[in-house]
> 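Below you will find the structure I want to go over with you.
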Number of protein chains: 2
Amino acid sequence: MAEVDRSLSQTVKAQLALRDQILSGSLRPGERISELQAVETTGASRTPVRMALVRLEEEGLLEAIPSGGFMVKAFSERDISDSIELRGTLEGLAARFAAERGVSARELEPLKECLAAIDELLGQVPISIEAFSSYVTLNARFHALLTELSRSPPLIRQIDRASALPFASPSGFVMAQSALPEAQQILIIGQDHHRVVIDAIENREGARAEAIMREHARLAVRNLRLALRNRTHLDLLPALALIKTATD
Amino acid sequence: MAEVDRSLSQTVKAQLALRDQILSGSLRPGERISELQAVETTGASRTPVRMALVRLEEEGLLEAIPSGGFMVKAFSERDISDSIELRGTLEGLAARFAAERGVSARELEPLKECLAAIDELLGQVPISIEAFSSYVTLNARFHALLTELSRSPPLIRQIDRASALPFASPSGFVMAQSALPEAQQILIIGQDHHRVVIDAIENREGARAEAIMREHARLAVRNLRLALRNRTHLDLLPALALIKTATD
DNA sequence: CTAGCTCATAATGTATACATATTCAAGTAT
DNA sequence: ATACTTGAATATGTATACATTATGAGCTAG
């Protein structure tokens with residue numbers, strides 16, 4: 001859509017390029033990232049590369065080395081499930097804020113449209129790969145809209161940061177399900193969570209809205225477990241390269 | 001302990017200096033931060049200053065301007081109370097993790113020592129200014145130890161980030177109480193929360209541990225309200241300069 | 001043969017020069 | 001008189017040169 005070549009700043013270009021390299025596994029966890037090497041692969045000079053490295057550290061993908069420089073972070077399975085639970089807890093808080101503080105029908109409308117669009121998607125049986133892809137987009141949109149309902153800039157900011165880790169994002173493991181036989185059921189259950197949280201917010205049931213969003217995230221944790229057990233379709237997972245295998 | 005002048009990197013020096021300027025009000029909210037001016041006041045050159053600015057943005061004290069550069073962020077009273085509630089929610093999650101996953105007596109020991117030290121402090125009546133200052137240190141230590149009990153690196157990281165905002169940190173409003181007549185009661189109640197959360201973790205009562213930490217944070221919210229009503233001792237507050245006054 | 005030290009290499013941290021974009025002010029035209 | 005345009009000044013974004021520190025290899029001594 002946008003010309004990546006010249007419309008973006010060198011810093012952003014370097015950040016995107018490095019993130020790709022990390023998530024694709026070109027840069028392996030624990031390995032020190034050479035600035036010089038990054039300069040060669042990204043095309044930017046050292047200054048924007050260093051800026052990008054700092055931002056990726058804040059993002060959680062990199063870890064600062066005490067003696068200087070950065071290395072790619074490694075994540076255990078528990079790290080990932082904790083990150084998902086964390087995200088769910090924050091989304092739960094957002095849902096509770098929305099319920100307690102009240103939301104107008106007008107604000108709820110885009111959420112309901114999103115809900116209806118997903119309903120239509122799930123009506124088709126069996127669910128095609130394209131439908132999965134559309135689901136990822138719509139699901140991300142639903143979660144973003146829900147977060148905004150909290151009308152709390154600090155909370156929105158924290159949720160965005162918690163979702164920055166690719167495996168912690170709301171749609172992190174949806175694609176991994178696409179090959180699973182349980183796929184359709186899981187999506188249907190998730191969609192019901194969506195429906196319930198809207199209902200709870202409408203009725204100003206804060207505790208219910210919060211609880212359902214927490215449980216919703218635990219669906220993602222279950223997907224993670226499923227995906228890691230059936231290791232056949234792990235290539236659909238983002239950032240697989242970052243997952244620590246039990247070697248120690 | 002460490003010589004601030006030459007043992008720290010220029011980047012860290014610049015970051016500390018700029019943070020001081022922001023929190024002290026030398027740089028006012030909404031105002032664009034001039035790199036050149038920052039170079040003069042901090043003594044570092046533009047490169048480390050820019051690094052510091054990026055880090056302060058991630059920290060939440062600065063906001064990126066679309067056309068380039070950074071400005072000091074302004075916070076409403078609600079932003080602050082939401083940030084505190086957010087921190088409490090995360091600490092609640094940490095306490096629940098600790099309770100559910102189990103903590104050995106050995107791990108709990110430093111927490112109990114901290115608890116006892118605070119008890120001793122609160123035994124003195126009336127509480128001196130020095131005692132308040134010691135309380136701030138011990139309280140911060142207690143919260144840090146509790147967070148670590150979760151044994152969840154992603155969660156610890158997020159709590160640290162949520163506590164980076166000075167007014168959201170566990171001890172953010174303690175000093176503001178020092179002049180309040182209700183001061184002693186508030187500290188006693190807070191200390192009881194500490195006692196209860198340890199008891200809950202020991203007995204593996206996850207829900208109770210979580211709930212009490214949330215309520216504990218709400219004590220800070222109440223302190224915030226109190227402090228903002230009696231505006232006489234607002235000078236003890238950090239980052240008062242960042243609070244948006246109701247002008248719009 | 002192993003452990004420790006020294007030196008060379010190469011990395012990061014810093015400073016500054018240069019290019020580009022934005023912003024503000026002044027002047028002109030309507 | 002006001003609005004728009006143009007230009008200059010100053011800001012940020014980028015590149016690179018320099019300094020300092022970490023790291024690793026090779027040699028020597030025990």
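Throughout, protein chains are lettered first and strands after them, A, B, ... in sequence-line order, and every chain is numbered starting at 1.
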> Is the ring pair B:His216/B:His143 parallel, tilted or perpendicular, if the boundaries are 30 and 60 degrees?
parallel
> Return the 5'-most residue of the pair A:Thr11, A:Arg32 with respect to DNA chain D, ranking by each residue's nearest nucleotide.
A:Thr11
> Provide the closest heavy-atom pair for A:Arg32 versus A:Ser67 in the form atom of the first, atom of the second, distance.
NH2-OG, 3.8 Å
> Start with the C-alpha distance between A:Phe75 and A:Leu165, add both sets of side-chain angles, then the distance that settles side chain to side chain contact (heavy atoms under 4.5 Å, CB included), and finish with yes or no.
CA-CA 11 Å; A:Phe75 296 91; A:Leu165 260 37; 4.2 Å; yes
> Grab the CD1-C1' distance between A:Ile33 and C:dA10 for me, whole Å please.
17 Å
> Calculate the interatomic distance between B:Leu8 atom CG and C:dT12 atom C1'; express it in whole Å.
17 Å
> Do B:Ser104 and B:Glu107 get their side chains close enough for a donor-acceptor pair, meaning under 3.5 Å?
yes
> I need the A:Ile84 CD1 to A:Phe173 CZ distance, nearest 0.5 Å.
5.0 Å
> With sequence neighbours left out, write down each residue that passes ring-ring contact (aromatic ring centres under 6.0 Å, His included) with A:Phe142, or none if nothing qualifies.
A:His194
> Run A:Ser150 and A:Leu93 through side chain to side chain contact (heavy atoms under 4.5 Å, CB included) and show every step you take.
CA-CA 8 Å; A:Ser150 71; A:Leu93 183 58; over 6 Å; no
> So where does chain A start and stop touching DNA chain D, 5' to 3', when the test is distance under 4.0 Å to a non-hydrogen atom?
D:dT14 to D:dT23
> We want to know whether B:Gln10 and B:Ser45 form a side-chain donor-acceptor pair, criterion being a heavy-atom distance below 3.5 angstrom.
no
> Could you check which residues of residues 46-74 of chain B get a heavy atom under 4.0 Å from DNA chain C? Sort them by number, please.
B:Arg46, B:Thr47, B:Pro48, B:Ser67
